[in-house]
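Heads up, the thing below is written out as structure tokens.
Excluded from the calculations below are hydrogen atoms, water molecules and symmetry mates; all remaining heavy atoms, backbone and side chain alike, are included.
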Amino acid sequence: MTDTALALDRLRGGAPPRNHDARTIAALTANPGCARRGLMDAAGVDKDAVARALGFPAQFGQSQFAITRGNAFEAQVKADGCAELLTLLRDRLGLQLPEVAYDDLEVVGGNEGRELRYTRTRRLLARALESGEGTLFDHPLLRLDIAGQPAYLEPDVIAFQLEGRFHVIEIKSFAVIDGQAEPDQVAAAARQSAVYVLALRRLLAELGAPADRVSHEVFLVCPENFSNRPTASLLDVRPQLAVLERQLARLTRVDRILEELPDDLTFAPGDALPEAVRTVAARYAPECMSTCEMAFFCREEARACGSTGALGRSVRDDLGGVDSIGTALGLADGTIEPSPDLVETAEQLRTAARLRREALEGAA
């Protein structure tokens with residue numbers, strides 16, 4: 001085990017690691033500058049448990065009813081070797097599909113080990129590349145490098161080869177009513193699907209295949225109207241792919257973060273947990289409230305220290321290198337002399353303060 005792996009294991013306090021999924025990776029790349037989330041996710045720390053231990057439990061996530069409904073709908077679509085799915089793709093999208101092979105990769109010989117499943121996924125994909133035959137892969141296990149650490153993805157999707165190209169099929173339980181679905185849910189599905197597409201492309205690249213062997217068009221399968229009858233549509237994830245690749249490249253490597261931290265740091269439950277969490281810098285923004293389990297703790301921390309991040313990511317970005325609300329106000333009223341790199345920001349703040357005074361005087 002490497003030094004980095006040992007350090008990450010210590011951070012969990014001996015608890016088993018939690019694995020990344022497409023949802024957490026999509027959320028992580030939305031805030032690549034947050035060292036706290038990057039480190040916790042790389043170590044597989046149970047952020048929900050840490051947040052509850054700190055007294056700031058997360059208040060988002062799917063209900064148990066939604067999870068059960070989603071599992072039932074997925075099982076229905078995949079039953080009998082994905083017979084209903086194949087019929088749907090033929091009838092609704094007009095695809096000319098010959099007889100299709102089917103492989104379930106969720107368990108390998110009774111073993112659910114991630115490395116074994118990934119190895120079998122890789123082997124079967126290599127065989128499909130050589131044969132060119134249409135093949136369905138149920139629960140393929142993929143791998144993606146996140147900040148220098150491998151993350152295994154266990155998608156509820158199927159990689160399907162059609163006319164020499166692989167497609168990702170994303171099965172979701174939200175309804176498509178009169179041909180329209182909730183935009184936020186479709187956007188979330190697109191971000192998650194882009195993670196799978198990227199992981200699949202990188203796996204095929206290791207096998208010597210070009211990136212375009214994996215299509216940027218995802219088959220999105222959802223219930224139609226108010227029934228459990230599935231419907232399918234094509235989802236172009238090129239914009240999400242571009243964002244994902246750019247943000248992953250910006251993620252700070254975990255080993256660099258660890259170099260700045262105490263050798264005995266751990267996120268194990270106990271009296272020292274709050275201080276341990278604060279040791280790692282966070283980059284809070286209000287958007288974190290819907291994507292990160294640590295958001296309520298980080299928000300309270302940002303408010304207490306007067307961080308500009310508490311006002312929103314756009315405000316923080318507009319203020320450049322000014323991280324403190326107090327510093328921003330001091331630059332605006334001239335009580336703080338700006339450093340050379342903040343002269344332009346200070347001038348903008350003073351102009352904004354002057355315009356605000358004039359507007360208030362005019363209103364009075």
Original post:
Can S193 and Q240 be said to form a side-chain contact (heavy atoms from CB on, under 4.5 Å), step by step?
Top reply: CA-CA 9 Å; S193 298; Q240 291 78 15; over 6 Å; no

**OP:** Report the C-alpha separation of D333 and T335 in whole Å, then their side-chain angles, then the decisive distance to 0.1 Å, and conclude whether the side chain to side chain donor-acceptor pair (under 3.5 Å) test is met.
**Re:** CA-CA 6 Å; D333 62 21; T335 57; 2.6 Å; yes

Original post:
Yes or no on side-chain contact (heavy atoms from CB on, under 4.5 Å) for L105 and L124, after CA distance, side-chain angles and deciding distance?
Top reply: CA-CA 10 Å; L105 307 177; L124 291 180; 3.3 Å; yes

Subject >> Steps toward side-chain contact (heavy atoms from CB on, under 4.5 Å) verdict (K78, I158) >> reply: CA-CA 10 Å; K78 291 184 176 182; I158 300 166; 4.0 Å; yes

Subject >> Residues F219, H167; criterion ring-ring contact (aromatic ring centres under 6.0 Å, His included); working and verdict >> reply: CA-CA 7 Å; F219 294 124; H167 292 73; 5.0 Å; yes

**OP:** Quick one: do C222 and L220 satisfy side-chain contact (heavy atoms from CB on, under 4.5 Å)? Show the steps, please.
**Re:** CA-CA 7 Å; C222 302; L220 179 62; 3.8 Å; yes

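Within the structure, the ring pair (Phe, Tyr, Trp, His ring centres under 6.0 Å) test picks out no pair touching residues 136-159 (sequence neighbours left out).
The main-chain N or O of D212 is never found under 3.5 Å from a side-chain atom of R201 such that the two would form a donor-acceptor pair. The backbone N or O of A35 lies less than 3.5 Å from no partner atom in the side chain of R283, so there is not a single donor-acceptor pair. Looking only at distances, no side-chain donor or acceptor of R238 sits under 3.5 Å from a matching main-chain atom of H216. The backbone N or O of T24 sits nowhere less than 3.5 Å from a side-chain atom of D41 that would complete a donor-acceptor pair. D46 places a side-chain N or O within 3.5 Å of a backbone atom of D48 that can act as its donor or acceptor partner. Without hydrogens or angle criteria, R36 side chain to V280 main chain gives a donor-acceptor distance under 3.5 Å. Side chain of S215 to backbone of R165: no donor-acceptor contact under 3.5 angstrom is found.
Between G132 and Q161 the shortest heavy-atom distance is C-NE2, 3.7 Å. Of all the heavy atoms in Y284 and A295, the pair that sits closest is CE1-O, 3.7 Å. When every heavy atom of P16 is checked against every heavy atom of R12, the shortest pair comes out as C-NE, 3.9 Å. Nearest approach of L144 to A199, heavy atoms of both residues: CD1-CA, 4.0 Å.
Each of E84, E224, Q76 was scored for a side-chain hydrogen bond (donor to acceptor under 3.5 Å, both in side chains) with R229, with one residue passing: E224.
Heavy-atom neighbours of D80 CG from other residues, nucleotides or ligands within 6.0 Å: at or below the threshold of 12. Counting non-hydrogen atoms of other residues, nucleotides and ligands closer than 6.0 Å to CZ of R256 gives a total of 12 or fewer. Within a 6.0 Å sphere centred on CZ of R18, heavy atoms belonging to other residues, nucleotides or ligands number 12 at most.
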Distance-only criterion, 3.5 Å: show the donor-acceptor pairs between side-chain atoms of residues 183-192 and protein atoms not counting sequence neighbours.
unit_1	atom_1	unit_2	atom_2	d
Q192	OE1	K172	NZ	3.0

Please output the side-chain donor-acceptor pairs of residues 263-276 that fall under 3.5 Å, not counting sequence neighbours, one pair per line with the distance.
unit_1	atom_1	unit_2	atom_2	d
T266	OG1	R10	O	3.0
T266	OG1	A268	N	3.2

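A continuous path of Ile, Leu, Val, Met, Phe, Trp and Tyr side chains, each step under 4.5 Å between heavy atoms, connects Y102 with I171, placing both in one hydrophobic cluster. Criterion: ILVMFWY side-chain heavy atoms under 4.5 Å apart, direct or through other members. Under it, L162 and V77 are part of a common hydrophobic cluster. Tracing side-chain contacts under 4.5 Å through hydrophobic residues (I, L, V, M, F, W, Y), one reaches V197 starting from L207; they form part of the same cluster. When hydrophobic clusters are built by joining Ile, Leu, Val, Met, Phe, Trp and Tyr residues whose side-chain heavy atoms come closer than 4.5 Å, directly or via intermediates, M289 is grouped together with V50. Clustering ILVMFWY residues whenever any of their side-chain heavy atoms sit less than 4.5 angstrom apart, transitively, puts L88 in a cluster other than the one holding V176.
A perpendicular orientation is assigned to the rings of F297 and F56, their planes being inclined by more than 60° (bins at 30° and 60°).
By the 4.5 Å heavy-atom criterion applied to side chains, V45 and L8 are not counted as neighbours. Side-chain contact between P223 and F73 is present, with heavy atoms from C-beta onward closer than 4.5 Å. Between L141 and L153 there is no side-chain heavy-atom pair separated by less than 4.5 Å. Two residues are said to be in side-chain contact when any heavy atoms from C-beta on lie closer than 4.5 Å; P338 and R350 meet this criterion. M294 places none of its side-chain heavy atoms less than 4.5 Å from the side chain of R37. Between E115 and R143 there is a side-chain heavy-atom pair separated by less than 4.5 Å. In this structure, L39 and L258 have side chains that are in contact, with non-hydrogen atoms separated by less than 4.5 Å. For the pair D178 and Q180, the minimum side-chain heavy-atom distance is 4.5 Å or more.
M40 contributes atom CE, which lies 11.5 Å from atom CD1 of I257 (distance to the nearest 0.5 angstrom). Distance check: R123 CZ to D103 CG gives 10.0 Å after rounding to the nearest 0.5 Å. One distance of note links CG of L125 with CG of L129; it measures 7.0 Å at 0.5 Å rounding.
A salt bridge links R122 and E206; the closest N-O separation between the charged side-chain nitrogens and carboxylate oxygens is under 4.0 Å. In summary, D255 and R253 engage in a salt bridge, as defined by a charged side-chain N under 4.0 Å from a carboxylate O.
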